[in-house]
Amino acid sequence: MSVTASSIVTAATTLTVPSALTAPSTVTAPSTVTDEPTSAVLSVPAAAPAVAAAHYAARLAFEADVSDVRADLLSGVPGLVVVDSRSEAAWDQGHIPGALHLPTARIAELAPALIDPALTVVTYCWGPGCNGATRAALAFARMGYQVKEMLGGFEYWVREGFAFETAQGTDQRAIDDLTAPRSGISCAC
């Protein structure tokens with residue numbers, strides 16, 4: 001039995017897979033049963049290198065991590081503004097020093113007066129379980145801003161041991177060694 005990578009047919013549907021996303025172009029079913037384990041990772045072949053490079057370059061055009069945002073804020077890199085898209089109560093509980101508080105629902109109303117459209121906006125919300133930063137980034141993009149989303153949000157800012165501001169003042173927690181080296185030195189990924 002032979003199945004081409006560009007067309008997989010079942011009784012009800014035909015699934016067309018771009019050939020650039022498949023490797024090899026023809027998959028042949030084994031003629032005998034073996035005792036080799038089935039791979040969960042390799043059950044869908046990896047993308048061709050050029051396709052993978054385009055995918056990862058695109059992701060980096062849309063995302064930044066907390067360590068990179070912090071490094072840029074500390075060094076005073078011009079051309080970006082960090083926006084906290086959460087509620088007033090969340091902002092008061094803790095936020096990134098130097099961030100601008102602009103809840104997602106008020107971006108269309110307030111951004112033109114507060115943020116130069118020549119700047120790149122970096123949005124964040126609570127953490128990876130919240131899509132508030134994504135919604136905020138979408139709102140900014142629709143208004144013509146260049147925008148990136150900060151992966152991990154406020155949660156990972158705090159978990160990496162970075163200082164944050166609250167309604168009561170500045171605070172900082174110990175580094176969570178599941179997110180960053182205990183030494184506080186960048187993981188240099």
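Side chains included, hydrogens not; waters and symmetry mates left out as well; all remaining heavy atoms used.
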Exercise. What closest approach, in Å, do G132 and C125 show between heavy atoms, and which atom pair accounts for it?
Worked result: N-SG, 3.7 Å

For this session: Enter the distance from T170:OG1 to Q172:CD here, rounded to the nearest 0.5 Å.
Result: 9.5 Å

Exercise. Judged by atom type as modelled, is there a donor-acceptor pair below 3.5 Å linking the side chain of Y124 to the main-chain atoms of I96?
Worked result: yes

Problem set entry | Closest non-hydrogen atom pair, Y145 against L119 | CD2-O, 4.4 Å

Exercise. If only atom types and distance count, is the side chain of S85 paired as donor or acceptor with the main-chain N or O of T104 below 3.5 Å?
Worked result: no

Exercise. Between P97 and E165, which heavy-atom pair has the shortest distance, and what is it?
Worked result: CB-OE2, 3.6 Å

For this session: Search all heavy atoms of L151 against all heavy atoms of V66 and return the closest pair with its distance.
Result: O-CG1, 3.5 Å

Problem set entry | Same apolar cluster (I L V M F W Y, side chains within < 4.5 Å links), V81/V69 | no

Problem set entry | Worked verdict on L102 versus F140 for side chain to side chain contact (heavy atoms under 4.5 Å, CB included) | CA-CA 11 Å; L102 188 53; F140 278 109; 3.8 Å; yes

Exercise. Is there side-chain contact between W126 and E155, with heavy atoms separated by less than 4.5 Å?
Worked result: no

For this session: Can you measure from CG (L80) to CD (Q146) and round to the nearest 0.5 angstrom?
Result: 11.5 Å

Exercise. Do the non-hydrogen side-chain atoms of I107 and M143 ever get within less than 4.5 Å of each other?
Worked result: yes

Exercise. Should V147 and I115 be regarded as members of a common hydrophobic cluster, given that ILVMFWY residues are connected when their side-chain heavy atoms come within less than 4.5 Å of each other, either directly or indirectly?
Worked result: yes

Exercise. Transitively linked via ILVMFWY side-chain contacts under 4.5 Å: L100 with L110?
Worked result: yes

Exercise. Within the distance-only criterion (no hydrogens, no angle test), does the side chain of H55 pair as donor or acceptor with the backbone N or O of V51 below 3.5 angstrom?
Worked result: no

Problem set entry | N/O donor-acceptor pair under 3.5 Å between Y156 side chain and D65 backbone | no

Exercise. Side chain of H95, backbone of F154: donor and acceptor closer than 3.5 Å?
Worked result: no

Exercise. For D92, what residues pass the salt bridge (charged side-chain N to carboxylate O under 4.0 Å, His left out) criterion, not counting sequence neighbours?
Worked result: none

For this session: Could you tell me whether the side chain of E63 and the main chain of M150 form a donor-acceptor pair under 3.5 Å?
Result: no

Problem set entry | Shortest non-hydrogen contact between H101 and R86, atoms and distance | NE2-O, 2.8 Å

Exercise. What do the steps show when you test T166 against Q93 for side-chain hydrogen bond (donor to acceptor under 3.5 Å, both in side chains), and what is the final call?
Worked result: CA-CA 5 Å; T166 72; Q93 186 174 327; over 6 Å; no

For this session: Please confirm whether the backbone N or O of A163 pairs with a side-chain atom of W157, one donor and one acceptor, at under 3.5 Å?
Result: yes

For this session: Please name the pair of heavy atoms, one in E160 and one in S67, separated by the smallest distance, quoted to 0.1 Å.
Result: OE1-OG, 2.7 Å

Exercise. Is V121 reachable from L138 through a run of hydrophobic residues whose side-chain heavy atoms are each under 4.5 Å from the next?
Worked result: no

Problem set entry | Audit row: T123, E149, side-chain hydrogen bond (donor to acceptor under 3.5 Å, both in side chains) steps and yes/no | CA-CA 5 Å; T123 62; E149 179 181 358; 5.7 Å; no

